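Here's the structure we're looking at; comments come further down.
Source: prediction; values computed, not measured.
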Amino acid sequence: MERTIERNIIDAVKHLYDSNIDAADIQIQTTRKEFEGDVTAVVFPLLKYSRKAPEQTAEDIGNYILEVNPGVRSFNVVKGFLNLEISNRAWLDEFIKLRSAAPAYSIPEKGKGQTTLIEYSSPNTNKPLHLGHIRNNLLGYSLYKILSACGQRVYKTNIVNDRGIHICKSMLAWKLFANGETPSDSGLKGDHFVGKYYVKFENEYKKEIRKLISRGMTEEEAADKSELMAGARELLRKWEAGDKETLDLWKRMNNWVYEGFNKTYETLGVDFDKIYYESDTYKLGRSIVREGLEKGIFYRKEDGSVWVNLSSDKLDEKLLLRADGTAVYITQDLGTAVERYNDYKFDRHYYVVGNEQNYHFQVLKSILKKLEYDWADGIHHFSYGMVNLPEGKMKSREGKVVDADDLIDTMLHTAREMSEELGKLDEYSAGEKENIYRKIGLGALKYFILKVDPRKNMLFNPRESIDFNGNTGPFIQYTYARIRSVLRKAESYEYSEDIKRDVFELNKKESDLVKLLRRFGPVVVEAAETLNPSLIANYTYELAKEFNQFYHDYSILGEKEIALRSFRIGLSEYIGQIIEEAMGLLGIDMPERM
RNA sequence: GGUUCAGUAGCUCAGCUGGAUAGAGCAACGGCCUUCUAAGCCGUAGGUCGCAGGUUCGAAUCCUGCCUGAAUCACCA
């Protein structure tokens, strides 16, 4: 539609003012609700061609378009805005064109067929997943869905931080206090079980420190003299030396954790094609450091440590290898990046990691580019903001966290309670009902998280998160269920599949819906280009709300013949399809009824 | 202090490649179940778009400065 009007304007300027128009001067947008018309052309930029007043220019161009374009029924001018009213026929053609396209969204040219790697989740194995991980997981998974929809070959990876002092703390606490207890003895999920001992360590450690301080030591001295900390460090040393007993315990406890994580991942509906473990990768990267040294890109300091100077990229000097030759975080990441390139030959590699690590990823990319890996340009840090609580920041050490499993349980419970109270599902089997509660509870959680711009820090208010009214996942699901209900009803009527033969006056709301539908493709494209699922969420809400209003208008009027009108059935069907696909891009399932 | 990001209704958030009278939801108040699903719909009230300049026909949107907040600038990962 815009295309033809664009051409009309080019022609009009040529014809009326004898000028060739600059493409950037054509501005077309959908008309704001409070004005008459469907499509608006802004004529201010055209004044330099017409050399007339805005109103006169708009009038001239409007008359020209009316003459040449049969799809335009009428126009009006408000200041420099030319509002064009599109004919029913044209809207109908537009809709038929949309509906015949499959899938319902158009695919960005950019990136079709390329190989894309996404790293997300990245948990530590000493405690259960929390709200921050939920945001990470949902964003990562949605990214996967979106990029896949764009035709890219996407692989999901996870890197598990399964080694280091924090795991040793859990291990030590378990050895000292557990008496051989296992998760199944305790009835706890494996990750919570191991987390319990991590907390135990921290508490005992704090107690020990307090005791030492009360004996007159400073805090530093106390930390130095702590037997618990020494024990944890000793375990780490043994682990690195390959001590069998330590390794066995480490494996055993990690497996408990993985069991727990897998359950959470499964409920959330996320998964991975390949999982990397830091215990395998932590030694990687040294050969790269050697390579950099030989090329003279890195340098050695007197104490033997290796550094790189990134001041040309406005970054600092960065340590790559400690004086004792051990690797640091960035060294590992250099190694895994190279390994992953060798594994996948990716065109793009997204790291879904919180914005607290922005600096780290700048450094990573900068170093890889200095080493002249041409694929380094494909590396991209998908940086997202933190999740804060009304009381402030989440702090796992102070127990101020929202546990992922608890949160999911709360959502599922609330969904059940609400649904039972409404009693609309009474005739369904327990299994069917559970399935629906699950979809609603998880839909609420996922939508709540994904509707906010990933880049922004967000506030998580537990009370609001379980609200199922308004701009929420359940509202969209409700709309979808309603559409399905309409279609079920429509099946019992005979109606023509050929909506072209449907003669009618297009209702304002109907053309509004068609207008909205046309935006879905571009929204997906934009979401893919800006890596922003929240665009899809907010757009789908808008569409669902519009549909509810439309639907309601008919109810109020008592017009029950919707099922007899093939256009309305087609419209409902198509909107249902769009909602399902859009929500699918967020990893949210739609219930047939609720 | 350097860098990056953010500041829009009481609260949570949209809107940001410059366009018309800045939008939703929640919370508040008032209506609507004899309607194909009321998890809904309609209405009322609520704004100096952090502040100050600049750019221009036009600025929440772009530029500059300032204020406020967050993250980061580790031989932690």
Side-chain angles (χ1 to χ4, degrees), chain A residues 24 27 29 31-35 40 42-45 47 54 78-81 83 122 124 159 161 163-166 278 282 303 305-307 314-316 318-324 326-333 354-360 362-363 383 385-386 388 390 393 415 418-419 421-422 424-425 440 444 448 451-453 455-461 463-465 467-479 481-490 492 526 534-535 537-539 541-542 545 548-549 551-563 593-594:
Chain A
Q27 286 182 41
Q29 52 199 251
T31 305
R32 292 185 66 117
K33 275 190 181 153
E34 56 270 30
F35 297 97
T40 295
V42 184
V43 301
F44 288 110
L47 302 183
V78 181
K79 290 192 273 182
F81 298 91
N83 301 320
S122 317
N124 290 352
I159 184 151
N161 179 13
R163 62 169 281 278
I165 191 76
H166 41 284
E278 283 197 11
Y282 82 108
D303 64 356
S305 57
V306 180
W307 296 72
K314 291 186 176 173
L315 301 164
D316 285 330
K318 199 72 195 169
L319 176 90
L320 296 173
L321 277 185
R322 296 188 184 103
D324 63 6
T326 53
V328 292
Y329 181 40
I330 191 79
T331 326
Q332 263 183 63
D333 260 2
N355 62 12
E356 65 222 345
Q357 292 195 36
N358 285 352
Y359 181 74
H360 172 77
Q362 276 180 44
V363 170
S383 164
M386 327 200 51
N388 298 321
K393 252 163 93 167
M418 258 187 105
S419 192
E421 200 176 309
L422 291 169
K424 289 192 258 183
L425 299 174
I440 297 172
F448 187 83
K451 78 172 170 183
V452 342
D453 191 324
R455 289 166 303 188
K456 289 188 176 175
N457 292 350
M458 65 176 287
L459 195 124
F460 184 87
N461 187 327
R463 253 204 346 267
E464 285 172 17
S465 71
D467 191 349
F468 290 2
N469 302 317
N471 188 357
T472 63
F475 171 80
I476 294 172
Q477 290 172 320
Y478 166 77
T479 308
R482 225 172 172 185
I483 287 172
R484 301 305 297 171
S485 167
V486 167
L487 295 178
R488 276 193 298 274
K489 208 80 166 192
S492 57
E526 204 187 333
S534 86
L535 290 174
N538 285 297
Y539 165 79
Y541 171 69
E542 202 181 319
K545 191 177 159 75
N548 261 315
Q549 292 169 355
Y551 171 94
H552 192 262
D553 283 353
Y554 277 96
S555 302
I556 290 273
L557 293 170
E559 278 200 39
K560 295 199 175 191
E561 95 286 19
I562 185 169
R593 46 196 111 214
M594 67 185 273

Tell me what A/Tyr359 touches on the nucleic acid: a base, only sugar-phosphate, or nothing, going by heavy atoms under 4.0 Å. sugar-phosphate

Provide the distance between the two C1' atoms, one in B/rA9 and one in B/rA70, to the nearest whole Å. 23 Å

base_contact_polar (B/rA20 base, A/Thr40 side chain, donor-acceptor, <3.5 Å): yes

To the nearest Å, give me how far apart CD (A/Gln357) and P (B/rA74) are. 14 Å

With sequence neighbours left out, what residues match A/Ser122 under side chain to side chain contact (heavy atoms under 4.5 Å, CB included)? A/Glu119, A/Asn158, A/Ile159

Which one, B/rG25, B/rC13, B/rA39, comes nearest to the side chain of A/Met594? B/rA39

Should A/Phe448 and A/Phe460 be marked as a ring pair (Phe, Tyr, Trp, His ring centres under 6.0 Å) after you check the CA-CA gap, both sets of side-chain angles, and the distance that decides it? CA-CA 9 Å; A/Phe448 187 83; A/Phe460 184 87; 5.5 Å; yes

The nucleotide from B/rG25, B/rA39, B/rU4 with an atom nearest the side chain of A/Asn469 is B/rA39

Gap in Å between the two C1' atoms, one belonging to B/rG58 and one to B/rG18, rounded: 8 Å

Side chain of A/Asp303 only, please: which of B/rC75, B/rU4, B/rG19 is the nearest? B/rC75

By the 4.0 Å heavy-atom rule, please label A/Leu459 as base, sugar-phosphate, or nothing. sugar-phosphate

Are any of A/Tyr541's side-chain N or O atoms less than 4.0 Å away from OP1 or OP2 of B/rC13? no

From NZ of A/Lys33 across to C1' of B/rC42 the rounded distance in Å is 14 Å

N or O in side chain of A/Arg482 less than 4.0 angstrom from B/rA38 OP1/OP2: yes

Interatomic distance at C1', B/rA52 relative to B/rC67, whole Å: 10 Å

Would you say a side-chain N or O of A/Lys456 is under 4.0 Å from OP1 or OP2 of B/rG7? yes

Below the 4.0 Å mark, does B/rU37 have OP1 or OP2 next to a side-chain nitrogen or oxygen of A/Ser485? yes

Would A/Phe468 and A/Phe475 satisfy ring pair (Phe, Tyr, Trp, His ring centres under 6.0 Å), going step by step from the backbone distance to the final call? CA-CA 7 Å; A/Phe468 290 2; A/Phe475 171 80; over 10 Å; no

Nearest-neighbour nucleotide for the A/Tyr478 side chain, B/rG40, B/rA77, B/rU4 considered: B/rG40

Quick check for you: among B/rC41, B/rU72, B/rU37, whose closest atom lies nearest to any side-chain atom of A/Tyr551? B/rU37

Can you measure from CG (A/Leu319) to OG (A/Ser305) and round to the nearest 0.5 angstrom? 6.0 Å

If the C1' atom of B/rG69 is compared with that of B/rC75, how far apart are they to the nearest Å? 31 Å

Have a look at A/Val452 and say if it touches a base, only the backbone sugar-phosphate, or nothing, with a 4.0 Å heavy-atom cut-off. sugar-phosphate

Spacing of A/Asp316 atom CG relative to B/rC73 atom C1', expressed in whole Å: 6 Å

Can you tell me which nucleotide in B/rA39, B/rC41, B/rC75 comes closest to the side chain of A/Leu422? B/rA39

Describe the nucleic acid contact of A/Met458 in one word from base, sugar-phosphate, nothing, applying a heavy-atom distance below 4.0 Å. sugar-phosphate

Using atom NZ of A/Lys545 as one end and atom P of B/rG23 as the other, report the distance to the nearest whole Å. 14 Å

Of A/Asn355 and A/Phe44, the one whose nearest nucleotide on RNA chain B sits closer to the 5' end is A/Phe44

Would you tell me if any nitrogen or oxygen in the side chain of A/Lys79 comes within less than 4.0 Å of OP1 or OP2 on B/rG58? no

Closest-nucleotide mapping onto RNA chain B: is A/Ser419 or A/Asn358 further toward the 5' terminus? I mean the 5' end. A/Asn358

Taking B/rA22 as the reference, what is the distance to B/rA39 when you measure between their P atoms (whole Å, please)? 33 Å

Has A/Arg322 got a side-chain N or O lying under 4.0 Å from the OP1 or OP2 atom of B/rC76? yes

Can you find an N or O donor on one side and an acceptor on the other, under 3.5 Å apart, linking the side chain of A/Asp453 with the base of B/rC5? no

Using atom P in both nucleotides, what's the gap between B/rU4 and B/rA20 to the nearest angstrom? 31 Å

Using a cut-off of less than 4.0 Å, is there contact between a side-chain N or O of A/Lys318 and OP1 or OP2 of B/rC75? no

Does A/Lys424 put a side-chain nitrogen or oxygen below 4.0 Å from OP1 or OP2 of B/rA39? yes

Give a yes or no on whether a salt bridge exists between A/Asp453 and A/Arg455, defined as a side-chain N under 4.0 angstrom from a carboxylate O. yes

Name the nucleic acid region contacted by A/Asp333, choosing base, sugar-phosphate or nothing; use a 4.0 angstrom heavy-atom cut-off, strictly under. nothing

Whole angstrom is fine here: how far is it from CD in A/Gln362 over to P in B/rU72? 14 Å

Nearest-angstrom distance, C1' atom, B/rG25 to B/rA45: 16 Å

Identify the two heavy atoms, one from A/Gln332 and one from A/Arg163, that lie closest to each other, and give their separation to 0.1 Å. NE2-NH1, 4.0 Å

Check whether any side-chain nitrogen or oxygen of A/Gln549 sits under 4.0 Å from OP1 or OP2 of B/rC42, and answer yes or no. yes

Take the protein atom NE2 of A/His166 and the nucleotide atom P of B/rC76, then report the distance between them rounded to whole Å. 13 Å

RNA chain B in dot-bracket form (Watson-Crick or G-U pairs under 3.5 Å, [ ] crossing, | inter-strand) is ((((((((.[[[[.)...(...]]]].(((((.......))))).....[[[[[..)....]]]]])))))))....

Check: A/Asp467 side chain, B/rA27 base, donor-acceptor under 3.5 Å: no

A/Lys451 and A/Asn471 have their tightest heavy-atom pair at NZ-O, 3.1 Å

Stacking here means centres under 5.5 Å and planes under 30°; does A/Phe81 stack on B/rA20? yes

The nucleotide from B/rC73, B/rA20, B/rC41 with an atom nearest the side chain of A/Gln29 is B/rA20

Taking side-chain hydrogen bond (donor to acceptor under 3.5 Å, both in side chains) as the definition, give me every residue that meets it alongside A/Tyr329, ordered by chain and number, with sequence neighbours left out. A/Gln357

Rounded C1' spacing from B/rU68 to B/rG50 in Å: 7 Å

Under 4.0 angstrom between A/Asn388 side-chain N/O and B/rA70 OP1 or OP2: no

Does A/Arg32 put a side-chain nitrogen or oxygen below 4.0 Å from OP1 or OP2 of B/rA20? yes

In whole angstrom, give the distance that lies between atom CG of A/Leu47 and atom P of B/rC57. 10 Å

